[in-house]
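Comments concern the structure below.
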Number of protein chains: 2
Amino acid sequence: MKNDSLSQKNTTRPTHHLPHLTRNQQAVLAVLRQQSDALSAQELYGVLREQQAIGLATVYRALETLKLQGLVQSRSGTNGEALHSPIEQDRHYLTCLHCGQSFLLDHCPVHDLAVQVHLSVPFKIYYHTLEFFGLCEPCTHQRS
Amino acid sequence: MKNDSLSQKNTTRPTHHLPHLTRNQQAVLAVLRQQSDALSAQELYGVLREQQAIGLATVYRALETLKLQGLVQSRSGTNGEALHSPIEQDRHYLTCLHCGQSFLLDHCPVHDLAVQVHLSVPFKIYYHTLEFFGLCEPCTHQRS
DNA sequence: GGTATTATGAGAATGATTATCATTCGCTTA
DNA sequence: TAAGCGAATGATAATCATTCTCATAATACC
């Protein structure tokens, strides 16, 4: 249920000014945008090394910066690592409790609600994440 | 913005049968339900040790079990650890990109949408998470 | 160009998470 | 109640993700 047809509508992303991304930070972001699945820092590192010289620490630092910019989001994977994905594509997931597999939602059901929330509390919202958990079709049957 | 007034409406939680929780697993769940903030495994371990004898590995195993049951959710914290919280209270957050602080939403704006999503894909939804990211009031001013 | 500032990389250090394995617990059955 | 069995537990080691350190390189600013 990968949604490969999603296009990047808006490259000049965050509504707040972005301070300047270094070459490496841009490279990290670019890789994340190419992938259809969320990547761990180590996986990201592996992909990047095929393209250019880069240090693992730099990858982590880039992720930290990008998260602070609101350009990348992270969630905890099933093996104790964090999984990272770009947020400009408004990715929302269905995640199976049994096999851990994630499926992309092609539409965000919350999109407009953010406005209302914004009005009720002193908080400037830049983006949101939504994740549904349950059982995917195969796991509904063959459960351990 | 802690929401301490939330009460547990439903102790017999997941719609799918729950296989049986051990004493330790129940203890872990109980502590999480008492806390107003999400806890790391280590913090959880610290709190539990004040009440009873328990091993760190058991805490991790209990968390894994509880997550599989749909009773606990995890998200990645700012220090490379995972933060765990009970899901029966339907916790949804506003998280500040600058200071990392999380604020509880007292109302879930998505609650009914799950039904629609369920109908459109072969996936049985048990719960969902929603998180908004942006800047909290203080951080809107004093930004580095 | 010259200097200050920031980013980078390699590797060490830290710390979270998982695996191992012997022991204990909980439950069933005789 | 006793014996037996499978799952749970705890201590500890092992693993691996993440962060820190520091010397160097790149970049910005004058």
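Given the structure is predicted, the values throughout are model-derived calculations rather than measurements. In what follows, every chain begins at residue 1, and chains take the letters A, B, ... in the order their sequences are listed. All values below come from the heavy atoms of this structure, side chains included, with hydrogens, waters and symmetry mates left out.
Atom CG in Leu63(B) sits about 15 Å away from atom P in dA8(D), given to the nearest Å. Between the CD1 atom of Ile54(A) and the C1' atom of dA25(D) there is a distance of 15 Å, rounded to whole Å. Atom CD in Gln25(B) sits about 10 Å away from atom C1' in dA7(D), given to the nearest Å. Straight-line distance from the CD atom of Gln26(B) to the P atom of dA8(D): 13 Å, rounded to whole Å. Rounded to whole angstrom, the span from the CG atom of Leu68(A) across to the P atom of dT6(C) amounts to 16 Å.
The minimum heavy-atom distance linking Leu130(A) with His128(B) is given by the pair CD1-CD2, 4.3 Å. The minimum heavy-atom distance linking Leu32(A) with His84(A) is given by the pair CD2-O, 3.5 Å. The two atoms that bring Gln25(B) and His20(B) nearest to each other are OE1-O, 4.0 Å, heavy atoms only.
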Using a cut-off of 4.0 Å between protein heavy atoms and nucleotide atoms, how would you tag nucleotides 11-25 of chain C 5' to 3' with B, S and -?
B----SBBBB-----

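Scored by the ring-ring contact (aromatic ring centres under 6.0 Å, His included) test, Tyr60(B) finds no partners at all (sequence neighbours excluded).
For Phe133(A) and Tyr126(B), the gap between ring centers reaches or exceeds 6.0 Å.
Other residues, nucleotides and ligands place no more than 12 heavy atoms under 6.0 Å from the CD atom of Glu64(B).
The overall bend of the helix from dG1(C)-dC30(D) to dA30(C)-dT1(D), read as the angle between its terminal helix axes built from five base pairs each, is 40° when rounded to 10 degrees.
Note on ring orientation: taking the six-membered ring where Trp is involved, the planes of Phe123(B) and Phe103(A) are perpendicular (angle over 60°, cut-offs 30° and 60°).
The CG atom of Leu104(B) lies 7.5 Å from the CG atom of Asp37(B); values are rounded to the nearest 0.5 Å.
In terms of phosphate contacts, Asn24(B) brings a side-chain nitrogen or oxygen within less than 4.0 Å of OP1 or OP2 of dG10(D). The side chain of Thr58(A) places an N or O atom within less than 4.0 Å of a non-bridging phosphate oxygen (OP1 or OP2) of dG9(C).
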